[in-house]
Number of protein chains: 2
Amino acid sequence: MEQKIIDLLKRSGLSITDSRKKILDSFFQKNSALAHADIEDYVGTDFDRVTIYRTLQTFVDKGIIHTIPTPDNAVVYALCKDSCSAGHHHDNHVHFICDNCNKTFCLEHIVVPAVKMPTGFNATQIDMVVSGVCNFCNNVS
Amino acid sequence: MEQKIIDLLKRSGLSITDSRKKILDSFFQKNSALAHADIEDYVGTDFDRVTIYRTLQTFVDKGIIHTIPTPDNAVVYALCKDSCSAGHHHDNHVHFICDNCNKTFCLEHIVVPAVKMPTGFNATQIDMVVSGVCNFCNNVS
DNA sequence: AACATTTTGCAACATAGTTGCAATAGTGTA
DNA sequence: TACACTATTGCAACTATGTTGCAAAATGTT
Ligand SMILES: [Zn+2]
Ligand SMILES: [Zn+2]
Ligand SMILES: [Zn+2]
Ligand SMILES: [Zn+2]
C-alpha cells in the first residue's frame with residue numbers, strides 16, 4: 001500500500017511528503033468519496049487545515065482525484081481511474097449519494113448518458129448525480 | 001407583475017411581505033438562475049442577509065423555487081414550474097451552466113434521461129448539470 | 001553535506017450560512 | 001378602523017468553509 005501510494009505520487013510528478021501520503025491513504029482506506037471534513041477527521045491534528053486544502057487541489061490538478069457536485073453543495077472528492085492525468089479528467093461516470101448513510105459512490109461502470117442540447121448550447125461536460133439508498137443500506141451486498 | 005407575485009405568494013399559503021415580493025421579483029426580472037449573492041446585490045440593503053436566507057428556504061419548501069447543484073458548489077436557485085408544490089418538486093429537467101457568462105439556465109424542455117442503477121441501489125432523484133457555452137454567448141439568439 | 005526548490009504551518013482574513021431572541025409587520029376578526 | 005394573534009424580520013453573535021502572504025521546514029538534486 002505504502003509503495004502503491006509512493007508510485008502514484010511519483011508518476012504524477014509530485015514529491016513524496018507525509019501529508020500527501022496520509023491524505024492519499026485515506027482515499028484508499030475508505031471506499032467511498034470523501035469530503036474535506038472527513039479527511040480532516042482521518043488525519044487528525046497531524047496537518048494543518050490549509051495543507052489539506054492545498055493537497056486536495058494539487059491532487060485534482062494532477063488527475064489523481066476528481067470532485068463530485070452534490071445537491072446540498074458540499075464538495076466531495078474521489079479517486080480517479082487510471083485514465084485521468086494532469087489537466088485531463090475522464091470521469092464520465094454517474095455518482096450516487098445515499099440519503100441514508102450519506103456516503104457518495106462512484107458508479108464506475110455507469111456512463112453518463114448523452115442528451116441532446118437545444119440550438120446554440122454547446123456542452124463540454126455533463127455531471128449526473130443520483131440520490132437514493134445505496135446497496136449497503138438496502139442490505140444487498 | 002406585482003399582482004402575479006402576490007397571487008403566487010397567496011397560492012403558496014404565505015403572507016405578503018416586502019422582502020418576499022422583492023426577492024420573488026428578482027427571479028421574474030432576471031431570466032437565469034440566481035445565487036444568494038445575486039439576490040443580495042439586487043435587493044441592496046433593503047433587507048438583512050438572514051432574511052434572504054430564510055426567504056429562499058421558505059420558497060424552496062413551498063415549491064416556488066428549486067436549487068441547482070453546480071460543479072463549483074455554489075448554491076443557485078431558479079423558479080419552479082407550476083407543477084411543483086409544497087414538499088413536492090417535479091423539476092426533472094436538465095440544467096445548463098455557461099462557462100463564459102457564468103449564468104445558470106433551466107432547460108425546461110430537456111428531461112433528465114433514465115439510467116439503469118446497479119443491483120441494490122435505489123434512485124429517488126436524478127440531477128443532471130451540463131456545462132459549456134450558452135446560446136447567448138454563442139451569438140445564436 | 002550543501003544547495004535550490006517545494007511544501008508546510010501560522011496568522012490573518014474573507015465569505016457563507018445558522019441560531020436565539022426581541023422588535024416589527026401582516027392577517028383575520030370584531 | 002382597531003385589536004389581538006401570529007408570522008416575519010433584524011440584530012448580534014456564532015460556526016463553518018475557504019483563501020492569501022510569508023517565513024520556516026522538508027524534499028530532491030548535485
Ligand atoms: Zn447508504
Ligand atoms: Zn467518480
Ligand atoms: Zn453564456
Ligand atoms: Zn431548473
Side-chain angles (χ1 to χ4, degrees), chain A residues 2-3 5-26 33-62 64-65 67-77 86 102 104, chain B residues 2-3 5-26 33-62 64-65 67-77 86 102 104:
Chain A
E2 170 86 10
Q3 195 53 46
I5 285 170
I6 291 175
D7 286 348
L8 177 49
L9 287 173
K10 276 189 182 161
R11 213 178 323 131
S12 305
L14 295 171
S15 44
I16 318 299
T17 69
D18 289 348
S19 67
R20 285 175 181 164
K21 280 193 288 186
K22 182 88 186 221
I23 291 172
L24 206 39
D25 186 52
S26 66
L34 299 175
H36 175 93
D38 297 328
I39 295 162
E40 215 166 321
D41 289 348
Y42 184 79
V43 306
T45 55
D46 295 354
F47 307 104
D48 194 81
R49 237 159 37 84
V50 179
T51 300
I52 299 175
Y53 280 112
R54 288 195 273 225
T55 302
L56 288 171
Q57 189 54 55
T58 301
F59 286 175
V60 170
D61 292 344
K62 293 294 181 177
I64 296 174
I65 61 178
T67 57
I68 304 169
T70 65
D72 64 338
N73 291 95
V75 189
V76 177
Y77 303 87
N102 218 34
T104 302
Chain B
E2 171 86 10
Q3 193 54 47
I5 284 171
I6 291 176
D7 286 348
L8 178 50
L9 287 173
K10 276 190 181 158
R11 213 181 321 133
S12 306
L14 295 172
S15 44
I16 319 298
T17 69
D18 289 349
S19 68
R20 285 176 182 164
K21 280 193 286 185
K22 183 86 186 227
I23 292 172
L24 205 39
D25 186 53
S26 68
L34 299 175
H36 175 94
D38 297 327
I39 296 162
E40 216 167 320
D41 288 348
Y42 185 77
V43 305
T45 55
D46 295 353
F47 307 105
D48 194 80
R49 237 161 37 87
V50 179
T51 300
I52 299 176
Y53 280 113
R54 288 196 273 227
T55 302
L56 289 171
Q57 188 54 54
T58 302
F59 286 175
V60 170
D61 292 344
K62 294 293 181 177
I64 297 174
I65 60 176
T67 57
I68 305 169
T70 65
D72 64 339
N73 290 97
V75 189
V76 177
Y77 303 87
N102 219 33
T104 303

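Bear in mind that the values here come from a model prediction, so they are computed numbers and not experimental data.
Among the candidates B/T51, B/T58, B/I52, the single residue satisfying the side chain to side chain contact (heavy atoms under 4.5 Å, CB included) test with B/T55 is B/T51.
A/D25 contributes atom CG, which lies 4.5 Å from atom CD1 of A/I5 (distance to the nearest 0.5 angstrom). Atom-to-atom distance recorded for A/L24:CG and A/S19:OG is 10.5 Å, nearest 0.5 angstrom.
Remark: P of D/dA7 and CG of B/D61 are 15 Å apart, rounded to the nearest angstrom. Atom CZ in B/R54 sits roughly 18 Å away from atom P in C/dA16 (whole-Å rounding). Rounded to an integer number of Å, the gap from NE2 of A/H36 to P of D/dG18 is 7 Å. Separating the OH atom of B/Y53 from the P atom of C/dA16 is a distance of 6 Å, rounded to the nearest angstrom. Atom CD of B/Q57 is separated from atom C1' of D/dT8 by 15 Å (rounded to the nearest Å).
Across B/I6 and B/I16, no two heavy atoms sit closer than the pair O-CD1, 3.9 Å. Contact record, B/F59 with B/R20: CZ-O, 3.8 Å, taken as the closest heavy-atom pair. The heavy-atom pair separating A/I39 from A/S26 by the smallest distance is CG1-OG, 4.1 Å.
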* **B/T67/B/V60 under side chain to side chain contact (heavy atoms under 4.5 Å, CB included): CA gap, chis, key distance, verdict** => CA-CA 7 Å; B/T67 57; B/V60 170; 4.1 Å; yes

* Would you check, one step at a time, whether the test side chain to side chain contact (heavy atoms under 4.5 Å, CB included) holds for A/Y77 with A/L34? => CA-CA 5 Å; A/Y77 303 87; A/L34 299 175; 5.6 Å; no

* **A/L56 vs A/I23, side chain to side chain contact (heavy atoms under 4.5 Å, CB included): CA-CA, chis, key distance, verdict** => CA-CA 8 Å; A/L56 288 171; A/I23 291 172; 4.3 Å; yes

* To do: In sequence, state the C-alpha distance, the side-chain angles, and the governing distance for B/I64 and B/L8, and then conclude on side chain to side chain contact (heavy atoms under 4.5 Å, CB included).
  => CA-CA 8 Å; B/I64 297 174; B/L8 178 50; 4.1 Å; yes

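Evaluation of the salt bridge (charged side-chain N to carboxylate O under 4.0 Å, His left out) test over residues 37-46 of chain A, restricted to residues two or more places apart or in two chains, returns A/K22-A/D46.
Within residues 18-26 of chain B, no residue has a heavy atom under 4.0 Å from DNA chain C. For DNA chain C, the residues of residues 39-52 of chain B within the heavy-atom distance limit of 4.0 Å (strictly under) are B/R49, B/V50, sorted by number.
Judged as a side chain to side chain contact (heavy atoms under 4.5 Å, CB included), and not counting sequence neighbours, the contacts of A/D18 are A/K21, A/F47.
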Mind listing the N/O atom pairs, protein and nucleotides 28-30 of chain D, below 3.5 Å?
| unit_1 | atom_1 | unit_2 | atom_2 | d |
| --- | --- | --- | --- | --- |
| D/dG28 | OP1 | A/I16 | N | 2.8 |

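Comparing the start and finish of the helix from C/dA1-D/dT30 to C/dA30-D/dT1, five pairs each, the helix axis swings through 30°, to the nearest 10 degrees.
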